[in-house]
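A quick write-up on the structure given underneath.
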Amino acid sequence: MTESGSLGVSAAGGAADASTRRGFISWLAVGWLAFAAGIGAFVTTMARFLFPNVLFEPPSSFKAGFPSDYQVGEVDERWKEKYQIWVVRNTEMTYALITVCTHLGCIPNWLAAQNKFKCPCHGSGYYRSGINFEGPTPRPLERAAISISPDDGQIFIEKARKFLYEKGQWTDPAASIKTT
Ligand code: FES
């Protein structure tokens, strides 16, 4: 073989080696990427396991300010979003209505101009007392326990203690506080 022939063979061999090396390196890179992706997926799974999706519900009892914070004749909506409660004050009493429609559980709206609660789902309507008068709901809204906190004089509402009109429970002393 001539010298130039041997150089040609050796150059071709070098090129083949380089190509094999590049192939090996790119497979190595793919391997590492796959490994890293696997580790990432594992860590994500573990993180979801350690920190599961927990629904943080607001406490079912809360202080709602002083009776004088509420206007006589108004349906107060300040606690609707956070605690699902309307506070209603009239000349005789203050009571807490739970903002859940007794038909299938939607959230009604207070329509001040029409002086009623109206459910957007199937049209049930309730007077400001909470008593139903239209639509498919079979019964009034529920009231929550309400009292004056002895330590600071604020209104204290307990949603876990419910009072049902149809069971004669709205006359329970814990179902309302007297307006003074
Ligand atoms: S859920 Fe309110 S009317 Fe049906």
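Each ligand, and each atom within it, is numbered from 1 in the order the structure gives.
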Problem - Verdict with supporting geometry, F163 and W170, ring pair (Phe, Tyr, Trp, His ring centres under 6.0 Å) - result: CA-CA 6 Å; F163 297 90; W170 282 8; 9.7 Å; no
Practice task
State the atoms of ligand 1, each with its element, that fall below the 4.0 Å cut-off from a heavy-atom position in H122.
Solution key: 1 (S), 3 (S), 4 (Fe)
Problem - Proximity of S124 to ligand 1 by residue part, where a heavy atom lies under 4.0 Å - result: both
Handout entry: Neighbour count above 12 (heavy atom, 6.0 Å) for K162 NZ
Key = no
Fill in the blank from the handout: With heavy atoms and a 4.0 Å threshold, my read on which part of C106 contacts ligand 1 is both
Problem - H103 near atom 2 (Fe) of ligand 1: N/O/S under 2.8 Å - result: no
Handout entry: Charged N-O contact under 4.0 Å between E142 and R139
Key = yes
Exercise for the section: Would you mind checking which non-hydrogen protein atom is closest to atom 1 (S) of ligand 1, with the distance to 0.1 Å? Expected result: L104 N, 3.3 Å
Exercise for the section: Please determine if R89 forms a cation-pi arrangement with Y70, meaning its NZ or CZ atom is less than 6.0 Å from the six-membered ring centre and no more than 45° off the ring axis. Expected result: no
Problem - Residue among I157, L97, V75 satisfying side chain to side chain contact (heavy atoms under 4.5 Å, CB included) with V87 - result: I157
Problem - Atom indices of ligand 1, in the order listed, that fall short of 4.0 Å to a heavy atom of C119 - result: 1 (S), 2 (Fe), 3 (S)
